[in-house]
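Inspection log for the structure reproduced underneath, given as structure tokens.
In what follows, residues are counted from 1 in the order of the sequence shown.
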Amino acid sequence: MRQFEEFKRFYYEGFKLSNHLENLSFFEEELKLQNITILQNGENFFLYDRHNFLYYFVREVRDFKLQKSFVKILGKNPTYLTQNEEFLKLNGFNILIKHAQMQLLSPTFTPQNYSFIEEAKNEDIAELREFFSQFFDTTYLFLFSLKELEDKLHQCLIYKEKGRICGGLLYTNILNGLYIDFIAVRENLAHKNVAFALLNTLIKRHPKTQLKLFVDKLNQKAVRFYEKAGFSYTKNEFNFYFKE
């Protein structure tokens with residue numbers, strides 16, 4: 001913890017550039033749980049979590065010969081986003097995916113009940129993880145362990161066909177609303193509106209709650225789906241980078 005104490009001293013003094021959103025207590029707790037390792041280079045600090053995501057805190061903008069890892073950047077200030085992207089390029093990182101935030105202030109439809117949508121149960125956990133893993137990269141996007149999925153069962157809606165999970169929606173409660181984490185549906189199903197039914201059911205259950213999500217800008221099918229439901233863009237971006 002001696003190294004963390006030094007990091008904390010510099011943290012309060014301030015850094016020129018950082019990609020973190022979490023507070024200091026988060027890093028202290030993760031370090032105690034041995035979920036994070038700290039590397040120091042002069043007055044610059046690099047924290048790597050168990051999924052190999054990098055949190056950097058730098059006072060110099062230069063090439064640090066950083067190790068292979070992933071980086072997340074969340075923000076809406078163009079200067080902040082540009083400065084971080086330039087730092088990452090300097091250090092050999094390439095863009096993996098760019099997300100734009102969308103929010104739903106008022107749906108374009110009246111929510112109704114869909115009897116074929118249900119809440120996930122304990123016996124669905126393993127299949128649920130396998131299902132979402134077919135749609136989302138498990139190295140940097142879909143990172144839920146079985147235990148973490150178990151804790152989120154009350155925040156997971158599913159559709160089953162012939163006893164098999166064929167559609168799912170995972171969401172997270174936040175202070176001022178809900179975040180849709182993941183939504184996925186198989187093709188060629190008996191019901192042709194499963195994705196809409198999942199979204200509709202979530203809105204029906206939380207009628208006065210603001211919904212937000214991040215969508216891949218290049219996934220025009222998803223963008224059109226959300227726009228049709230009444231979602232609109234905000235200024236926030238959530239981007240992933242990777243160094244091989």
Side-chain angles (χ1 to χ4, degrees), residues 97 99-234 236 238 240:
I97 189 170
H99 291 105
Q101 187 184 63
M102 302 185 81
Q103 66 179 358
L104 181 67
L105 298 178
S106 178
T108 57
F109 55 89
T110 301
Q112 53 187 300
N113 292 313
Y114 285 86
S115 59
F116 53 86
I117 301 299
E118 59 185 287
E119 195 170 276
K121 302 177 179 63
N122 281 316
E123 58 264 29
D124 299 316
I125 295 173
E127 186 184 357
L128 198 61
R129 190 173 189 277
E130 181 183 358
F131 170 77
F132 279 112
S133 296
Q134 294 175 35
F135 295 91
F136 302 101
D137 194 301
T138 56
T139 57
Y140 71 96
L141 272 180
F142 190 77
L143 302 174
F144 289 104
S145 65
L146 292 176
K147 178 62 172 66
E148 289 166 336
L149 276 178
E150 182 180 5
D151 294 337
K152 280 186 70 70
L153 283 179
H154 64 291
Q155 297 174 333
C156 180
L157 301 173
I158 60 172
Y159 164 69
K160 286 186 176 182
E161 194 167 291
K162 297 179 181 179
R164 177 175 175 238
I165 295 177
C166 292
L169 185 154
L170 274 172
Y171 64 97
T172 298
N173 287 301
I174 55 175
L175 289 177
N176 58 345
L178 298 177
Y179 254 105
I180 297 177
D181 299 311
F182 300 98
I183 182 170
V185 175
R186 297 191 195 277
E187 297 180 341
N188 304 316
L189 300 175
H191 294 280
K192 304 303 179 185
N193 61 340
V194 174
F196 175 76
L198 287 163
L199 178 61
N200 183 100
T201 302
L202 181 63
I203 295 171
K204 178 75 172 177
R205 293 187 176 194
H206 305 274
K208 296 182 180 181
T209 305
Q210 186 181 85
L211 294 185
K212 293 182 180 180
L213 56 87
F214 285 99
V215 62
D216 180 356
K217 293 179 179 179
L218 300 179
N219 188 345
Q220 284 302 302
K221 183 178 179 180
V223 170
R224 288 193 298 270
F225 170 76
Y226 292 123
E227 286 179 335
K228 187 176 180 180
F231 282 81
S232 58
Y233 285 110
T234 72
N236 278 324
F238 189 26
F240 290 80

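- The line from CG of Leu178 to CG of Leu211 is 5.5 Å long, rounded to the nearest 0.5 Å.
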Give the C-alpha distance, both sets of side-chain angles, the deciding distance and a yes or no for side chain to side chain donor-acceptor pair (under 3.5 Å) between Thr234 and Lys212. CA-CA 9 Å; Thr234 72; Lys212 293 182 180 180; over 6 Å; no

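- Annotation: side chain of Tyr114 is not in contact with side chain of Leu157 (no heavy-atom distance under 4.5 Å).
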Could you walk me through whether Tyr171 and His206 satisfy the side chain to side chain contact (heavy atoms under 4.5 Å, CB included) test, starting with their C-alpha distance in whole Å, then the side-chain angles of each, then the deciding distance to 0.1 Å, before giving a yes or no? CA-CA 12 Å; Tyr171 64 97; His206 305 274; 3.6 Å; yes

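- Residues in residues 182-210 take part in these salt bridge (charged side-chain N to carboxylate O under 4.0 Å, His left out) pairs, two or more places apart or across chains: Glu119-Arg205.
- Here the shortest heavy-atom pairing between Ala184 and Phe136 reads CB-CE1, 4.0 Å.
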Walk me through whether Lys152 and Thr172 qualify under side chain to side chain contact (heavy atoms under 4.5 Å, CB included). CA-CA 8 Å; Lys152 280 186 70 70; Thr172 298; 3.0 Å; yes

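- A pairwise comparison of heavy atoms in Leu146 and Ala126 identifies CD2-CA, 3.9 Å as the closest pair.
- Nearest heavy atom pair, residue Thr138 against residue Ser133, reads CG2-OG, 3.4 Å.
- Counted by atom type alone, Gln101 and Tyr179 present one or more donor-acceptor pairs between their side chains at under 3.5 Å.
- How far CE of Met102 is from CG of Asn236: 13.0 Å, rounded to the nearest 0.5 Å.
- Here NZ of Lys121 is found 10.0 Å from CG of Leu153. Values are rounded to the nearest 0.5 Å.
- Between the side chain of Gln220 and the main chain of Lys217, a donor-acceptor pair closer than 3.5 Å is present.
- Using modelled atom types, one side-chain atom of Asn200 and one backbone atom of Gln112 make a donor-acceptor pair closer than 3.5 Å.
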Please walk me through it: do Phe182 and Leu169 pass side chain to side chain contact (heavy atoms under 4.5 Å, CB included)? CA-CA 6 Å; Phe182 300 98; Leu169 185 154; over 6 Å; no

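- The CG atom of Leu170 lies 6.5 Å from the CG atom of Leu149; values are rounded to the nearest 0.5 Å.
- The distance from the CD atom of Glu118 to the SG atom of Cys156 is 10.0 Å, given to the nearest 0.5 Å.
- By the 4.5 Å heavy-atom criterion applied to side chains, Phe109 and Phe196 are counted as neighbours.
- When each of Ile183, Ile180, Thr209 is paired with Leu202, the side-chain contact (heavy atoms from CB on, under 4.5 Å) condition holds for Ile180 and for no other.
- Between the side chain of Arg129 and the backbone N or O of Phe144 there is at least one donor-acceptor pair closer than 3.5 Å.
- Ring-centre distance between Phe238 and Phe240: below the 6.0 Å cut-off.
- Proximity of a side-chain donor or acceptor of Glu148 to a complementary backbone N or O of Ser145 within less than 3.5 Å is detected.
- Ring pair His191/Phe116 is parallel by interplanar angle, where below 30° counts as parallel and above 60° as perpendicular.
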Between Asp181 and Phe214, does the side chain to side chain contact (heavy atoms under 4.5 Å, CB included) criterion hold? Intermediate values first, please. CA-CA 8 Å; Asp181 299 311; Phe214 285 99; over 6 Å; no

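- The side chain to side chain donor-acceptor pair (under 3.5 Å) pairs that include a residue from residues 160-169 are Asp124-Lys160, Tyr159-Glu161, where partners are two or more places apart or lie in different chains.
- Without hydrogens or angle criteria, Thr108 side chain to Lys228 main chain gives a donor-acceptor distance under 3.5 Å.
- The aromatic rings of Phe132 and Phe142 lie parallel to each other, with less than 30° between the two planes, well short of the 60° mark.
- Shown are Leu104, Leu105, Thr110; of these, the side-chain contact (heavy atoms from CB on, under 4.5 Å) with Pro107 is made only by Leu104.
- The minimum heavy-atom distance between Val215 and Ala222, with the atom names listed, is CG2-CB, 3.8 Å.
- Of all the heavy atoms in Gly167 and Val194, the pair that sits closest is CA-CG1, 4.4 Å.
- One distance of note links CG of Asn193 with CG of Leu198; it measures 9.5 Å at 0.5 Å rounding.
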